[in-house]
Enquirer: 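Below you'll find the structure I mean.
Below, chains carry the letters A, B, ... as their sequence lines are ordered, and counting in each starts from 1.
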Amino acid sequence: MSEENLYTFENPEYRATYWHTCSHVMAQAVKRLWPEVKLAIGPSIDEGWYYDMDAPFAFTPEHLEQIESEMRKICKEKLKLERFELPRPEALKLMEEKGESFKVELIHDLPEDEVISFYKQGEFTDLCAGPHLDSTGRIKGNAIKLTACNAAYWRGDSSRQTLQRIYGMAFPKKDELDEYLAKIEEAKKRDHRRLGKELGLFMLRDEGPGFPFFLPKGMVLKNTLLDYWRKVHKKYGYVEISTPIMLNRQLWERSGHWDHYKNNMYTTVIDDVDFAVKPMNCPGGMLVYASEPHSYRELPLRVGEIGLVHRHELSGALHGLFRVRCFNQDDAHVFMTREQMQDVIQETVRLFDEVYSTFGLSYTIELSTMPEDHIGTVEEWEKNQDILKAAITDMGKDFVINEGDGAFYGPKLDFHLADSLGRTWQCGTIQLDSQLPERFQLEYTGEDGEKHRPVMIHRVVLGSIERFIGVITEHFAGAFPAWLAPVQVKVLPVTDRAGEYAEKISARLDEQGFRVEVDGRNEKIGKKIREATLEKIPYMLVVGDRDMENGTVSVRHRSGEDLGAMTLDQFAALLGDEVKEMIIK
RNA sequence: GCUAGCGUGGCUCAAUGGCAGAGCACAUCACUCGUAAUGAUGGGGUUGUGGGUUCGAUUCCCACCGCUAGCUCCA
């Protein structure tokens with residue numbers, strides 16, 4: 001990289017440094033305005049920065065404006081940022097004198113051999129490893145925006161003090177900030193909660209927080225998605241089962257869920273026996289596997305289940321279809337021998353790739369390792385983590401490690417997809433498990449005639465059907481590809497005279513399996529087009545006197561493109577090709 | 001669950017310590033029209049729920065429910 005490029009916003013390191021210095025400027029501004037505020041931590045993040053603070057009052061939007069304006073002053077003052085280091089006792093003394101109790105705790109927790117560095121700009125000094133810009137004058141004061149103020153736990157621990165976190169964003173040019181803010185506004189229009197309402201896909205009610213209702217159009221979407229899912233899984237050799245939504249306590253104790261997941265489970269008592277609504281499908285799947293003897297010849301045995309699970313999520317975590325309390329997992333358990341593990345994992349990743357690419361979705365992978373609350377030995381966990389790692393590394397895929405975030409029974413590869421605002425949501429997951437087969441004493445007969453214990457993976461591609469529908473709604477901004485669109489064609493008669501003709505056209509398309517509606521209202525054609533376009537229906541067939549005379553339909557795409565008049569057969573062939581091309585690969 | 005904010009017809013949003021409004025949607029009537037909104041008329045609200053303050057509360061206070069942002073958690 002050339003010297004010049006090092007100092008552009010294109011360079012992620014420079015960007016992070018810029019934002020990190022912004023966070024110090026923000027902290028300085030806050031301390032100038034309210035010296036009693038205590039500082040916690042203030043890093044740069046993917047988009048901007050934040051600083052956690054403890055203030056004796058709640059920050060309001062007006063406070064944020066005040067801070068912004070003080071920040072602009074600090075930028076104009078062109079204060080030099082100077083780094084200095086102190087031995088531990090002096091460092092502690094400095095922060096204690098300033099009353100920065102959080103900083104004191106941070107210094108106490110630094111490793112013995114760590115250099116303790118500070119950055120000083122004007123009257124403001126902050127504990128910080130750096131790096132930083134050399135002067136606050138490098139920051140463009142009028143291209144700073146404090147975007148939000150929220151609560152955050154000190155050191156991310158929900159049992160500790162709640163701090164206030166102020167988020168900020170800045171660019172080297174005002175135009176770029178404006179563009180960024182406009183982009184955020186634009187993205188909000190693609191929010192699946194808004195589109196879901198506008199397009200009549202689903203609804204949420206106070207009567208059932210986190211329990212979504214699917215409306216007729218949403219059901220068509222869901223069922224079409226599942227049809228596709230079943231086709232793909234059939235191709236990959238899966239069979240499908242369905243297990244009960246409620247099972248007795250004994251089963252959940254055996255699987256470990258009662259001990260490790262009880263807080264998230266809905267329970268009830270039936271005939272004096274404790275039951276739980278399933279939060280996961282695996283125990284049911286175990287029972288199916290264990291219900292008959294298996295041969296090594298059957299392995300890997302791929303058993304899918306679209307399973308409705310219920311989990312008691314925290315009320316504050318609920319979010320449209322992205323985080324709900326009941327959802328359908330496109331689950332599957334693959335039972336296999338130890339030798340088959342790598343192949344099965346890789347085959348599963350290929351299946352994921354096929355599904356995600358059908359929707360044009362890209363993903364990032366996280367490897368989640370052993371959580372504190374787990375079953376099985378550390379050796380077993382490490383072995384399984386290594387297998388997951390090796391399998392994807394061998395496929396040339398990148399991943400990041402998410403320490404301690406595995407399922408209680410095994411490590412997992414999580415596939416994250418992004419929403420319209422760039423927030424990522426876990427959809428796919430591949431969880432490697434040698435614990436449940438043990439607990440359920442699963443067996444297969446090997447080539448040697450002896451009983452052996454299989455291992456298994458738990459995996460979902462879509463993750464939750466609900467969440468996935470949310471993700472693709474935002475991804476396509478509600479304009480689903482024709483094969484998925486709840487309504488594929490809307491027939492728009494120009495006048496009442498064409499009403500009957502429109503119905504005939506509609507009936508013929510319906511016979512061919514297309515999803516079609518007629519807008520027979522007594523409205524002007526312009527209005528019908530406008531509304532069908534807003535409903536994001538892929539094709540509009542305008543039919544009037546001319547079409548009736550010529551036996552044609554006038555085809556308009558939702559993009560606004562006029563495809564002209566054609567016969568119904570020609571149109572059906574065109575739509576048929578588009579739909580077929582998308583669904584069968 | 002935590003912190004802050006919010007809750008007004010089906011939807012989007014006004015307004016106010018003193019008769020709750022608009023646009024869209026809906027219904028009726030007129031118009032029969034060729035590629036992004038025809039006009040007129042009409043119906044529809046215990047202002048999330050329950051308390052309190054007040055002559056009077058949708059507005060102020062309290063509690064609860066729900067929503068939003070983030071934290072935490074997770075598909």
Enquirer: Looking at RNA chain B, which of residues 549-564 of chain A put a heavy atom within less than 4.0 Å of it?
Expert: A:Ser554, A:Arg556

Enquirer: Kindly write out the residues that satisfy side chain to side chain contact (heavy atoms under 4.5 Å, CB included) with A:Ala418, not counting sequence neighbours, or none if the list is empty.
Expert: A:Thr424

Enquirer: Take atom CD of A:Glu62 and atom C1' of B:rG5, then tell me their distance rounded to the nearest Å.
Expert: 12 Å

Enquirer: Heavy atoms under 4.0 Å, any strand shown: does A:Lys412 hit a base, just sugar-phosphate, or nothing?
Expert: sugar-phosphate

Enquirer: If you measure from the P atom in B:rU59 to the same atom in B:rU49, how many Å do you get, rounded?
Expert: 11 Å

Enquirer: Apply salt bridge (charged side-chain N to carboxylate O under 4.0 Å, His left out) to A:Asp414 and list each qualifying residue two or more places apart in sequence or on a separate chain.
Expert: A:Lys412

Enquirer: For A:Lys278 and A:Asp331: C-alpha separation, side-chain torsions, deciding distance, then whether salt bridge (Lys or Arg N to Asp or Glu O under 4.0 Å) applies.
Expert: CA-CA 13 Å; A:Lys278 67 177 176 183; A:Asp331 213 344; over 6 Å; no

Enquirer: Please report the distance separating the P of B:rC24 from the corresponding atom of B:rU38, rounded so that it comes out in whole Å.
Expert: 11 Å

Enquirer: A:Arg546 vs A:Glu549, test: salt bridge (Lys or Arg N to Asp or Glu O under 4.0 Å). Steps then yes/no.
Expert: CA-CA 5 Å; A:Arg546 269 201 321 260; A:Glu549 229 168 85; over 6 Å; no

Enquirer: Name every residue in residues 535-548 of chain A that has at least one heavy atom under 4.0 Å from any atom of RNA chain B, in order of residue number, or write none if there are no such residues.
Expert: A:Val542, A:Gly544, A:Asp545, A:Arg546, A:Asp547

Enquirer: With rounding to the closest Å, how many angstrom separate the P atoms on B:rG45 and B:rU8?
Expert: 16 Å

Enquirer: So, the side chain of A:Thr369 versus the backbone of A:Gly404: is there a donor-acceptor pair under 3.5 Å, distance only?
Expert: yes

Enquirer: Assert yes or no for the condition that the ring centre distance of A:Tyr228 to A:Phe359 is strictly below 6.0 Å.
Expert: yes

Enquirer: Roughly how many Å is it from CG in A:Asp496 to P in B:rG34, rounded to a whole number?
Expert: 14 Å

Enquirer: Are A:Glu185 and A:Lys188 within salt-bridge range, i.e. N to O under 4.0 Å?
Expert: yes

Enquirer: For the residue pair A:His312 and A:Tyr266, categorise the inter-ring angle as parallel (less than 30°), tilted (30 to 60°) or perpendicular (more than 60°).
Expert: perpendicular

Enquirer: Between B:rA14 and B:rG21, how far apart are the C1' atoms? Round to whole Å, please.
Expert: 7 Å

Enquirer: Could you tell me how far B:rA15 sits from B:rA22 if I compare only their C1' atoms? Round to whole Å.
Expert: 11 Å

Enquirer: Parallel, tilted or perpendicular: which one describes the rings of A:His310 and A:Phe211, with boundaries at 30° and 60°?
Expert: tilted

Enquirer: With sequence neighbours left out, what residues match A:Arg230 under salt bridge (charged side-chain N to carboxylate O under 4.0 Å, His left out)?
Expert: A:Glu240

Enquirer: Taking atom C1' of B:rU3 as reference, at what distance in whole Å does atom CG of A:Leu163 sit?
Expert: 10 Å

Enquirer: The criterion is side-chain hydrogen bond (donor to acceptor under 3.5 Å, both in side chains); which residues satisfy it with A:Ser362, sequence neighbours excluded?
Expert: none

Enquirer: A:Ile166 has an atom CD1; how far is it from atom C1' of B:rU3, in whole Å?
Expert: 13 Å

Enquirer: Using a 4.0 Å heavy-atom cut-off across all strands, classify A:Val324 as base, sugar-phosphate, or nothing.
Expert: base

Enquirer: side-chain hydrogen bond (donor to acceptor under 3.5 Å, both in side chains): which pairs involve residues 458-471 of chain A, sequence neighbours left out?
Expert: A:His233-A:Arg459, A:Tyr238-A:Arg459, A:Asn328-A:Glu466, A:His333-A:His458, A:Asp433-A:His458

Enquirer: Between A:Gln426 and B:rA75, does any side-chain N or O lie under 4.0 Å from OP1 or OP2?
Expert: yes

Enquirer: Please report, rounded to the nearest Å, how far the P atom of B:rA75 is from the CG atom of A:Asn402.
Expert: 11 Å

Enquirer: Rounded off to whole Å, could you give me the CZ-to-C1' distance for the A:Arg194 and B:rC13 pair?
Expert: 12 Å

Enquirer: Quick check on RNA chain B: between A:Val494 and A:Phe59, whose nearest nucleotide comes earlier from the 5' end?
Expert: A:Phe59

Enquirer: For the side chain of A:Glu70 and the backbone of A:Val30, is there at least one donor-acceptor N/O pair under 3.5 Å apart?
Expert: no

Enquirer: Considering only nitrogen or oxygen atoms on both sides, find all protein atoms under 3.5 Å from nucleotides 23-25 of chain B and state each distance.
Expert:
from	atom 1	to	atom 2	distance (Å)
B:rA25	OP1	A:Lys527	NZ	3.2

Enquirer: Return the value, rounded to whole Å, for the distance between atom CG of A:Asp54 and atom C1' of B:rC2.
Expert: 14 Å

Enquirer: For RNA chain B, whose closest nucleotide is more 5', that of A:Gln164 or that of A:Trp425?
Expert: A:Gln164

Enquirer: Give each protein N/O atom lying under 3.5 Å from an N/O atom of nucleotides 64-73 of chain B, with the pair distance.
Expert:
from	atom 1	to	atom 2	distance (Å)
B:rG66	O2'	A:Asp206	OD1	2.5
B:rU68	OP1	A:Arg193	NH1	3.0
B:rU68	O3'	A:Arg193	NH1	3.4
B:rA69	OP1	A:Arg193	NH1	3.3
B:rA69	OP1	A:Arg193	NH2	2.8
B:rA69	OP2	A:Arg193	NH1	3.3
B:rA69	OP2	A:His319	ND1	3.1
B:rA69	O2'	A:Asn150	ND2	3.1
B:rA69	N3	A:Asn150	OD1	2.6
B:rG70	OP1	A:Arg423	NH1	3.2
B:rG70	OP2	A:Arg423	NH1	3.3
B:rG70	O4'	A:Asn150	ND2	3.1
B:rG70	O3'	A:Tyr167	OH	3.3
B:rG70	O2'	A:Tyr167	OH	3.1
B:rC71	O4'	A:Ala151	O	3.2
B:rC71	O2'	A:Tyr153	N	3.0
B:rC73	O2	A:Arg323	NH1	3.2
B:rC73	N3	A:Arg323	NH1	3.2

Enquirer: Could you list the residues that satisfy ring-ring contact (aromatic ring centres under 6.0 Å, His included) with A:Tyr50, not counting sequence neighbours?
Expert: A:Tyr167

Enquirer: Can you tell me which stems RNA chain B forms, taking runs of 3 or more consecutive Watson-Crick or G-U pairs with both distances under 3.5 Å?
Expert: B:1-7 with B:65-71, B:10-13 with B:21-24, B:26-30 with B:38-42, B:48-52 with B:60-64

Enquirer: Would you please classify the geometry between the A:Phe322 ring and the A:His192 ring as parallel, tilted or perpendicular, with 30° and 60° separating the classes?
Expert: tilted

Enquirer: Look at A:Lys490 together with A:Glu517 and state whether they make a salt bridge at an N to O cut-off of under 4.0 Å.
Expert: yes

Enquirer: Which residue pairs pass the salt bridge (charged side-chain N to carboxylate O under 4.0 Å, His left out) test with at least one member in residues 49-60 of chain A, sequence neighbours excluded?
Expert: A:Asp52-A:Arg165

Enquirer: With rounding to the closest Å, how many angstrom separate the C1' atoms on B:rC67 and B:rA40?
Expert: 39 Å

Enquirer: Looking for any heavy atom pair under 4.0 Å, which part of the strands does A:Lys197 touch: base, sugar-phosphate only, or nothing?
Expert: sugar-phosphate

Enquirer: Look only at the side chain of A:Lys262 and the backbone of A:His257, and say whether a donor-acceptor pair between them is shorter than 3.5 Å.
Expert: no

Enquirer: Can you tell me the distance, in whole Å, between the NZ atom of A:Lys528 and the P atom of B:rU38?
Expert: 11 Å

Enquirer: Side-chain N or O of A:Lys524 versus OP1/OP2 of B:rU35: is the shortest distance under 4.0 Å?
Expert: no

